[in-house]
Amino acid sequence: MPEVKNGNWALWVIWIFHISALIGISLGFEAWFVAKTPVNLIISSILLFLVFPIDTRKKTAVFALLWILGMLAEWVGVKYGILFGSYEYGANLGPKLDGVPYLIGVNWALLSFITARLAQYLFKKWVLQLIFAALLMLVLDFFMEQSAPRFDFWEFDQGLVPLSNYICWLAVALIFQYIIHRTKITGDVKFSAHLYTAQLVFFLYFFLWF
């Protein structure tokens, strides 16, 4: 796949989709916009492949590996209540494989790639890169958890997110970041920063004001 040299258009796409959803939900069209979440994730993933880019067999293989591992971790959680606690997925993340949305695995891989690139940009020592990237993933997960039941993404038993969820999220994130470090995956830092920030702004907005 050829690399897209100028990815500024992709940044506009990212923000248009996220801000449109934010405004639309705020104006009362929540059901329509939230139901389109899979579309947003698919577009973000396509942009990742084009602009990050994921343009080699190694990058593609690592992305696929993280997708599989992410799906496996979530399956263990959904089926047995291990790692993240006892929870189940709702209807707004698209088709599922034995209770786990396919796009959750995609989101694990996508977030791992972009947070790794941000950490690479900010730190030279690989240990700090791993820790910082995993913490970025954890921060986003924290704010996602607050809106997940409302948006019918997922919900924990009795509506309580256990501490083990965040501990295990951090542990899995560290493993994923180590895989990226060992395989020397890197990409476009501007694209990574915009995609991460857009997702953070979206969930932070609903955490603070809704």
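As the structure is a computational prediction, the values presented were derived from the model and not from experiment.
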Worksheet item: If you look at every heavy atom in Ala116 and Ile180, which pair is closest and at what distance?
Response: CB-CG2, 3.7 Å

Practice prompt. Group every Ile, Leu, Val, Met, Phe, Trp and Tyr by side-chain heavy-atom contacts under 4.5 Å, then state whether Val13 and Ile16 land in the same group.
Written response: no

Discussion item. Nearest 0.5 angstrom please: Leu136 CG to Leu122 CG, how far?
Written reply: 8.0 Å

Response to the item:
Note: Ala193 and Thr197 closest approach over all heavy atoms is O-OG1, 2.6 Å

Worksheet item: Quick one: do Arg117 and Asp188 make a salt bridge, cutoff under 4.0 Å?
Response: no

Worksheet item: So do the side chains of Leu110 and Leu66 get within less than 4.5 Å of each other, counting heavy atoms only?
Response: no

Item to complete: Please examine the side chains of Phe151 and Ile25, heavy atoms only from C-beta on, and report whether any two atoms are closer than 4.5 Å.
Response: yes

Discussion item. For Tyr89, I'd like to know if atom OH has over 12 heavy atoms of other residues, nucleotides or ligands within 6.0 Å.
Written reply: yes

Worksheet entry | Test item: Leu93 and Trp154 side chains (from C-beta on) under 4.5 Å apart, heavy atoms | yes

Practice prompt. Starting at CZ of Phe132, measure out to CE of Met137 and round the result to the nearest 0.5 Å.
Written response: 13.0 Å

Worksheet item: Distance only, no hydrogens: is a donor on one side chain within 3.5 Å (strictly under) of an acceptor on the other, for Glu74 and Trp108?
Response: yes

Discussion item. Could you check whether any side-chain N or O of Lys59 sits under 3.5 Å from a backbone N or O of Thr186, counting only pairs where one atom can act as donor and the other as acceptor?
Written reply: yes

Worksheet item: Is the gap between the ring centers of Tyr87 and Phe156 under 6.0 Å?
Response: yes

Discussion item. Please find the pair of heavy atoms, one from Ala35 and one from Pro38, that lie closest to each other, and give the distance.
Written reply: O-CD, 3.4 Å

Worksheet item: In terms of hydrophobic clustering (I, L, V, M, F, W, Y; side-chain heavy atoms under 4.5 Å; direct or indirect links), are Leu22 and Trp12 co-clustered?
Response: no

Practice prompt. Look at the side chain of Gln199 and the backbone N and O of Leu195, then say whether any donor-acceptor pair between them is shorter than 3.5 Å.
Written response: no

Worksheet item: Should we count NZ of Lys36 as having more than 12 external heavy atoms under 6.0 Å?
Response: yes

Worksheet item: About how many Å separate CD1 of Ile114 and CG of Leu118, when rounded to the nearest 0.5 Å?
Response: 6.5 Å

Discussion item. In the structure I gave you, are the side-chain heavy atoms of Leu103 and Ile42 within less than 4.5 Å of one another anywhere?
Written reply: yes

Worksheet entry | Phe52 side, atom CZ; Phe191 side, atom CZ - distance, nearest 0.5 Å | 8.5 Å

Practice prompt. For the residue pair Ser192 and Tyr121, confirm or rule out a side-chain donor-acceptor distance under 3.5 Å.
Written response: no

Worksheet item: Can you name the closest pair of heavy atoms from Leu200 and Val139 and give their distance?
Response: CD1-CG1, 4.2 Å

Practice prompt. Just do the side chain to side chain contact (heavy atoms under 4.5 Å, CB included) check on Tyr205 and Ser26 with the steps written out, would you?
Written response: CA-CA 10 Å; Tyr205 171 81; Ser26 300; 2.9 Å; yes

Worksheet item: Is the closest side-chain heavy-atom distance between Tyr80 and Trp75 below 4.5 Å?
Response: yes

Practice prompt. Can you measure from CG (Leu83) to CG (Leu72) and round to the nearest 0.5 angstrom?
Written response: 9.0 Å

Discussion item. When you group the ILVMFWY residues by side-chain heavy-atom contacts below 4.5 Å and let the links chain together, are Ile167 and Leu130 in the same group?
Written reply: no

Worksheet item: Does Thr37 use its side chain to pair, donor to acceptor, with the backbone of Val34 at less than 3.5 Å?
Response: yes

Discussion item. Just verifying a value: how many Å separate Phe33 CZ and Ser20 OG, rounded to the nearest 0.5 Å?
Written reply: 6.0 Å

Worksheet item: Is there a path of hydrophobic side-chain contacts, each under 4.5 Å between heavy atoms of I, L, V, M, F, W or Y residues, that connects Leu160 with Phe153?
Response: no

Discussion item. Run the side chain to side chain contact (heavy atoms under 4.5 Å, CB included) test on Lys79 and Asp98 for me, step by step, so that the C-alpha distance in whole Å, both residues' side-chain angles and the decisive distance to 0.1 Å come before the verdict.
Written reply: CA-CA 9 Å; Lys79 298 297 286 188; Asp98 202 17; 3.6 Å; yes

Practice prompt. Grab the two heavy atoms, one from Phe84 and one from Ala73, that are nearest each other, plus how far apart they are.
Written response: CE1-O, 3.6 Å

Practice prompt. Flag the pair Lys190 / Asn8 as yes when at least one side-chain heavy-atom distance between them is below 4.5 Å, and no otherwise.
Written response: yes

Practice prompt. Check whether any side-chain N or O of Glu145 sits under 3.5 Å from a backbone N or O of Leu140 as a donor-acceptor pair, and report yes or no.
Written response: no

Worksheet item: Does the ring center of Phe143 lie less than 6.0 Å from the ring center of Phe202?
Response: no

Discussion item. Restricting to non-hydrogen atoms, name the atom on Met71 and the atom on Pro101 that form the minimum distance, rounded to 0.1 Å.
Written reply: SD-O, 3.3 Å

Practice prompt. Say whether, by atom type as modelled, one donor and one acceptor occur between the side chain of Gln129 and the main chain of Phe123 under 3.5 angstrom.
Written response: yes

Discussion item. One pair to check against side chain to side chain contact (heavy atoms under 4.5 Å, CB included): Ile179 and Leu69. What are the steps and the verdict?
Written reply: CA-CA 11 Å; Ile179 292 172; Leu69 293 177; 3.8 Å; yes

Practice prompt. Answer yes or no: is there a side-chain heavy-atom contact under 4.5 Å between Trp169 and Asn165?
Written response: yes

Discussion item. I'd like to check Gln177 versus Thr115 (side-chain heavy atoms, cut-off strictly below 4.5 Å). Are they in contact?
Written reply: yes

Discussion item. Count I, L, V, M, F, W, Y as connected when their side-chain heavy atoms are under 4.5 Å apart, and connections chain through other members. Are Val161 and Leu163 then in the same cluster?
Written reply: no

Item to complete: Go through the steps for Phe63 and Trp67 under the test ring pair (Phe, Tyr, Trp, His ring centres under 6.0 Å), then give the verdict.
Response: CA-CA 6 Å; Phe63 188 91; Trp67 176 78; 8.9 Å; no

